[in-house]
Amino acid sequence: MITVNEAKRLIKRALLANIVSDKKDLAITPLISGKHGIGKSQMIKSVAADLGGVCITIEGGTLKEGEITGLPYQYKDDNGNVKFRFLPYYAVERIQKEQQRIFTACGKETAESVLYGDENKYAFDDISSDEKISMLKSGIVKPVIIFIDEINRTENSVYKELMNILLTRSVNGYNFPWWVLFVGAMNPSTQNSLYATNEMDPAQLDRFLKIKVSDNTREWLRYGKNTGMSPEILNFIKDNPKCLSSNDKELQDDEKPTPSPRGWDMVDTLLKSEPLLRDFFTDKENDPKIVEKDMKNLVSAKLGSTVATMFFASKVSQSRALTPEEIFADNEKLSKISNQIENMSAAKKIQTCDLMLNYLKENIEFMMLGKQQFELNKKQLSALVNILDSSSRLLFAQKLSNAVSDDGNSLIELLFDVFEKDLIDMLDLSDETRKLIEES
């Protein structure tokens, strides 16, 4: 679990990554998940203060339909022109005025021929990452974080409106400028949760960087001391740390992050942005060990801990996984690549086996059309299995025993002679599959 102070740093890294990214259609929007009272709102206000900006909080749980995108009403501006506003307009209007101020301060002039609409005539987004960083550091631009709290404790219609703002970065046709950043917060959401929540479907969740935050007794005691909390309370929590908050499982969030193409795109943005943003962090926060921990936490939050562990292990490994094409290009004893396989880390051996497994699922029926070549391929697979250490060999066999090809055929039935009999005996096969193997 990620503590409040760690989460604050991760959110800051994620938000700033948007500023230096050149991916127009990919925004990294942190979504904080944590129990009530843990300090989610204060965390975002602190991030905004660190960046010299402001935080505008929208309490999702109190909104009614129409209050966020608004109900239109007609009015006349200072020049007598008829316009429409939407309630609540205050946040958007403040941002528009600031957008105009920045536009004018940078010596820009509007050109009527390139306007995309009255609300966007002061857009100033087509500048380089270096220029954006410079404007933030100099104070010309003061970033705005729009924090939508309790997004999943809203009426269904309001929930859709809030999700649309978070994911499109626009409202009523007005596109927010690059220095307006978005963060959502939700109470833990599970089927058995005590919270009354809207369920977020996987497609929606994939568009966020979900950061699960937990309380930490030591961190909270430090906070309590710094804010002048009663010594009696601090001493009690120090002696009874389990009394800080409830550990009820029904207040926990059991949703696990999973990898996706969009997720890898976000990870690419996060990793590339880190060296460019070090001026926004302290020397301690830029310590290589802290940075490494943060990157692992961010990647785990997006792709899941298993995939993140495999990814970072691959970065430090001196060897790489072998592709099926490389294995099948060798002779039947794999003489050319056997030493390379033996010297692989356990993670790389498993990765090599997984690549082979996916290849077999897609191609084994086609491979079987050439009987002579298929016999050679089975000998090569047998050589691969024998080179592996016992743990990797068993894991490969277990995965293969549960796998079927794209045409629905059991791989273990087609490749049973690749494995030694004592290895097959260790597998948890069905009686029907084992009988077929023995008869063969």
Side-chain angles (χ1 to χ4, degrees), residues 1-15 30-51 54-62 145 147-154 183-198 208-257 281-287 289-294 296-298 300-301 305:
M1 273 290 193
I2 296 168
T3 69
V4 172
N5 283 341
E6 288 175 330
K8 173 187 166 183
R9 197 169 61 241
L10 297 180
I11 292 164
K12 186 176 173 182
R13 291 191 189 280
L15 291 177
L31 180 65
I32 311 166
S33 174
K35 294 180 291 186
H36 57 279
I38 203 170
K40 297 189 286 287
S41 301
Q42 187 58 43
M43 186 194 317
I44 304 305
K45 291 177 181 178
S46 180
V47 172
D50 283 354
L51 296 175
V54 296
C55 173
I56 297 175
T57 300
I58 297 175
E59 299 288 352
T62 64
I145 299 178
F147 176 52
I148 303 181
D149 197 9
E150 294 191 325
I151 186 173
N152 62 339
R153 297 194 71 191
T154 62
V183 179
M186 60 187 290
N187 294 110
S189 175
T190 65
Q191 289 183 343
N192 300 318
S193 177
L194 294 176
Y195 295 108
T197 61
N198 292 307
F208 292 96
L209 177 68
K210 188 176 179 182
I211 300 175
K212 299 179 184 179
V213 187
S214 65
D215 48 60
N216 177 276
T217 304
R218 183 181 300 176
E219 189 176 278
W220 187 85
L221 288 172
R222 192 181 304 120
Y223 158 80
K225 183 177 180 180
N226 292 337
T227 56
M229 195 170 291
S230 167
E232 288 83 1
I233 293 177
L234 297 178
N235 289 332
F236 176 79
I237 296 299
K238 184 177 180 180
D239 295 336
N240 303 275
K242 291 184 178 180
C243 294
L244 178 60
S245 65
S246 172
N247 290 320
D248 194 327
K249 289 185 177 180
E250 292 181 329
L251 295 177
Q252 304 297 327
D253 189 339
D254 293 332
E255 287 181 329
K256 305 295 183 183
F281 296 88
T282 65
D283 290 341
K284 183 178 179 180
E285 290 173 326
N286 283 323
D287 181 274
K289 291 183 179 179
I290 296 294
V291 171
E292 181 181 13
K293 183 180 180 182
D294 285 355
K296 287 181 178 178
N297 279 331
L298 287 169
S300 295
S305 59

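When a residue number appears, it is its place in the shown sequence, counting from 1.
Every residue meeting the side chain to side chain donor-acceptor pair (under 3.5 Å) condition with K296, not counting sequence neighbours, appears here in chain and number order: E292. Listed by chain and number, the residues in a side chain to side chain contact (heavy atoms under 4.5 Å, CB included) with N240 are F236, C243 (sequence neighbours excluded).
Closest non-hydrogen pair, F147 versus C55, comes out as CB-SG, 3.8 Å. Nearest approach of S230 to E232, heavy atoms of both residues: OG-OE1, 2.5 Å.
Relative to the ring axis of F281, K12 places its NZ or CZ within 45° and under 6.0 Å from the centre.
Within a 6.0 Å radius of CG in D283, no more than 12 heavy atoms belonging to other residues, nucleotides or ligands are found.
In this structure, D294 pairs ionically with R13, as a charged nitrogen and a carboxylate oxygen lie closer than 4.0 Å.
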Next on the checklist: Checking I145 against V54 for the side chain to side chain contact (heavy atoms under 4.5 Å, CB included) test, could you report, in this order, the C-alpha distance in whole Å, the side-chain angles of both residues, the deciding distance, and whether it holds?
Outcome noted: CA-CA 6 Å; I145 299 178; V54 296; over 6 Å; no
Checklist entry - Taking it one step at a time, do M229 and Y223 satisfy side chain to side chain contact (heavy atoms under 4.5 Å, CB included)? => result CA-CA 9 Å; M229 195 170 291; Y223 158 80; 4.3 Å; yes
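At distances below 3.5 Å, at least one donor-acceptor pair connects side-chain atoms of E219 with backbone N or O atoms of N5. Proximity of a side-chain donor or acceptor of E285 to a complementary backbone N or O of T282 within less than 3.5 Å is detected. In this structure, the side chain of E6 engages the main chain of T3 through a donor-acceptor pair within 3.5 Å. Here the side chain of K40 pairs a donor or acceptor atom with the backbone of G34 at under 3.5 angstrom.
Contact check for P30 versus F208: no side-chain heavy atoms found under the 4.5 Å cut-off. In this structure, the side chains of I38 and M43 stay at 4.5 Å or more apart for every pair of heavy atoms. Inter-residue side-chain proximity for D215 and V4 is flagged as unmet; no heavy-atom pair is nearer than 4.5 Å. For the pair E59/I148, no side-chain contact is recorded, criterion being any heavy-atom separation below 4.5 Å from C-beta on. I151 has its side chain within reach of L31: a pair of non-hydrogen atoms, C-beta onward, lies under 4.5 Å apart. Looking at heavy atoms from C-beta onward, K293 lies in side-chain contact with N297 at the 4.5 angstrom threshold. Looking at W220 and L244, their side chains come closer than 4.5 Å, going by heavy atoms from C-beta outward.
Here the straight-line distance linking atom OG of S300 with atom CD1 of I2 works out to 8.0 Å at 0.5 Å rounding. Atom CD1 of I44 sits about 14.0 Å away from atom CD1 of I56, to the nearest 0.5 Å. Between the CG atom of L298 and the CD1 atom of I11 there is a distance of 9.5 Å, given to the nearest 0.5 Å. Remark: K210 NZ to S33 OG distance equals 4.5 Å, nearest 0.5 Å. Atom CD of residue Q42 and atom OG1 of residue T57 lie 9.5 Å apart, to the nearest 0.5 angstrom. In this structure, S41 OG and D149 CG are separated by 4.0 Å, a value rounded to the nearest 0.5 Å.
In this model, a donor atom of one side chain and an acceptor atom of the other lie less than 3.5 Å apart for S46 and K8.
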